[in-house]
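No hydrogens, no waters, no symmetry mates; every other heavy atom, side chains included, goes into these values.
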Amino acid sequence: MAMQAITDDVWYDEVFSMCFSKLNITDIPGMTARDVHPPFYYIYLRLFIIIGQTITGGGNEVVLAKMASVFPWFGLATISMTYIRKKWGFFTGSFYLFLVTAMPQIGNYYVEIRMYSLALLLITSAGLLALSIIQDDNKKWKWFAFWIIGILTAYTQYYACIGIVGVYAGFMLLIVFPSRPRRKKIWAILGCAIASVIAYIPWIKVVLNQMNNINGTYWIQPLGIKSIFGCIKYIFLPVSLDGRICYVACGLMLFSTATALVCFIIKRERQLLVTIICLVIPLIVVVASGFVLSILGTPIFIYRYMVPTLGLFWLAVAII
């Protein structure tokens, strides 16, 4: 992936990112308010380029911008070989790293100059922090880290923000699932949610203005029943010149995943099954919100908006 980043070629959306990366950091929020995205990714991109050019003595901006998208992969690799390996074993950690590296579509965004790989790392980190907090009452810094990561994600991309709502929903399910609910944690997660809403209030007016600007004029088509199969196809279908091989590979991946899930359910590991459901909830929430917005007359969902939640989805598959 790093080798693929050492090129100067960009496409339209990447040109847009590069334009924002040349702004002063203090000007980025105001400029993004006129667009359809929140500002954190562009601030991250600008800082990454500044630091990269300082270290390299003036490196190529496009290459550094692509490396900014590669960098989150190293975060996922570290998580795979530390927390995931320790909690679920070396095989699961290694298999997870393979899945988030090589599965269809997802690898494209480790070199594209957009916010998807950053959002992928943030949502994955938030989900794993939630799982860790469930098992550890004493480490208060984890609550703060969970809240901060959630806020940064919400300011990175709007569907990533919806994905964080899904993480909160899964977190709550993990807390209330035991026969004796952990009431202190319920109040703590509600406190995080309220604090997150407060921290997002300065941007809510911008969101409403952006929604009004795109309402009825955006280029994205409404969603239908076929879009559900389109989502599945996007996640599992490889990209190759030989379409027949791609569909065979897709069918094999779907069959193996479904078979593993059935075997997992038969084992009746109830608590672990709830964990799996919680890891998949963010993806479900993102897709469902796309359909809701489409029904309301504002179709602003495209398949790549699922990418930030696929880190937790592939972790569920690796655990299964």
Side-chain angles (χ1 to χ4, degrees), residues 11-14 36-37 99-100 102-110 112 114-117 119-120 123-124 127 157-167 169-170 207 210-262 264-265 276-318 320:
W11 72 292
Y12 180 78
D13 281 3
E14 292 179 301
V36 292
H37 290 294
L99 291 175
V100 294
M103 284 299 97
Q105 307 297 339
I106 198 169
N108 296 335
Y109 298 98
Y110 292 129
E112 183 173 286
R114 297 300 284 165
M115 66 284 298
Y116 299 104
S117 65
L120 171 65
I123 288 183
T124 302
Q157 201 250 7
Y158 291 129
Y159 272 98
C161 178
I162 294 172
I164 280 293
V165 173
V167 171
V207 176
Q210 290 174 339
M211 291 292 290
N212 289 332
N213 290 336
I214 67 173
N215 189 29
T217 63
Y218 213 43
W219 56 270
I220 298 174
Q221 297 299 312
L223 300 179
I225 297 299
K226 291 183 179 179
S227 301
I228 297 176
F229 298 99
C231 290
I232 298 173
K233 177 180 174 182
Y234 183 85
I235 294 172
F236 286 94
L237 182 67
V239 178
S240 173
L241 295 177
D242 192 333
R244 293 170 297 179
I245 293 177
C246 292
Y247 278 96
V248 170
C250 179
L252 290 173
M253 282 192 288
L254 283 169
F255 176 77
S256 60
T257 302
T259 302
L261 179 60
V262 170
F264 179 79
I265 293 173
I276 296 300
I277 292 172
C278 293
L279 291 173
V280 177
I281 282 178
L283 174 60
I284 295 173
V285 169
V286 164
V287 174
S289 65
F291 277 87
V292 170
L293 289 171
S294 182
I295 292 171
L296 294 176
T298 309
I300 52 175
F301 176 83
I302 50 181
Y303 296 139
R304 67 171 177 262
Y305 292 164
M306 297 185 291
V307 168
T309 63
L310 291 183
L312 296 179
F313 171 80
W314 289 123
L315 176 58
V317 173
I320 291 171

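Interatomic distance, Ser289 OG to Ile300 CD1, rounded to the nearest 0.5 Å: 8.5 Å. Atom CD1 in Ile276 sits 7.0 Å away from atom CG in Leu315 (nearest 0.5 Å). One finds the CD1 atom of Ile235 at 10.0 Å from the SG atom of Cys250 (value rounded to the nearest 0.5 Å). Distance CG/Leu310 to CD/Gln105: 9.5 Å, rounded to 0.5 Å. In this structure, OG1 in Thr124 is found 13.0 Å from CH2 in Trp314, a value given to the nearest 0.5 Å. With rounding to the nearest 0.5 Å, the separation of SG in Cys278 from CD1 in Ile281 is 5.0 Å.
When all heavy atoms of Pro282 and Gly163 are compared, the pair lying nearest together is CB-O, 3.6 Å. When all heavy atoms are compared, the tightest approach of Gly230 to Tyr303 is CA-OH, 3.3 Å. Closest of all the heavy-atom pairs between Ala316 and Val280 is CB-CG2, 3.9 Å. A pairwise comparison of heavy atoms in Val286 and Ile162 identifies CA-CG2, 4.1 Å as the closest pair.
Under the side chain to side chain contact (heavy atoms under 4.5 Å, CB included) criterion, Glu112 pairs with Trp11, Glu14, Tyr109, Arg114, Tyr116, sequence neighbours left out. Scanning for side chain to side chain contact (heavy atoms under 4.5 Å, CB included) contacts around Val207 gives Tyr158, Tyr200, Trp203, Met211, with sequence neighbours left out. For the ring-ring contact (aromatic ring centres under 6.0 Å, His included) test, residues two or more places apart in sequence or in another chain that qualify with Tyr159 are Phe301, Tyr305.
For the pair Leu312 and Leu283, the minimum side-chain heavy-atom distance is 4.5 Å or more. At a threshold of 4.5 Å between non-hydrogen side-chain atoms, the residues Pro308 and Met115 do not count as touching. Looking only at side-chain heavy atoms (C-beta outward), Pro104 and Leu237 stay at 4.5 Å or farther from each other.
In terms of modelled atom types and a separation under 3.5 Å, the side chain of Ser294 and the main chain of Gly290 share no donor-acceptor contact. The backbone N or O of Met306 lies less than 3.5 Å from a partner atom in the side chain of Thr309, making a donor-acceptor pair.
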task = For side-chain contact (heavy atoms from CB on, under 4.5 Å), just list the numbers for Val100 and Leu120, CA-CA rounded to whole Å, side-chain angles, deciding distance to a tenth of an Å, and then say yes or no.
result = CA-CA 10 Å; Val100 294; Leu120 171 65; 5.6 Å; no
message = Is there a side-chain contact (heavy atoms from CB on, under 4.5 Å) between Phe313 and Leu99? Walk through the geometry before answering.
response = CA-CA 10 Å; Phe313 171 80; Leu99 291 175; over 6 Å; no
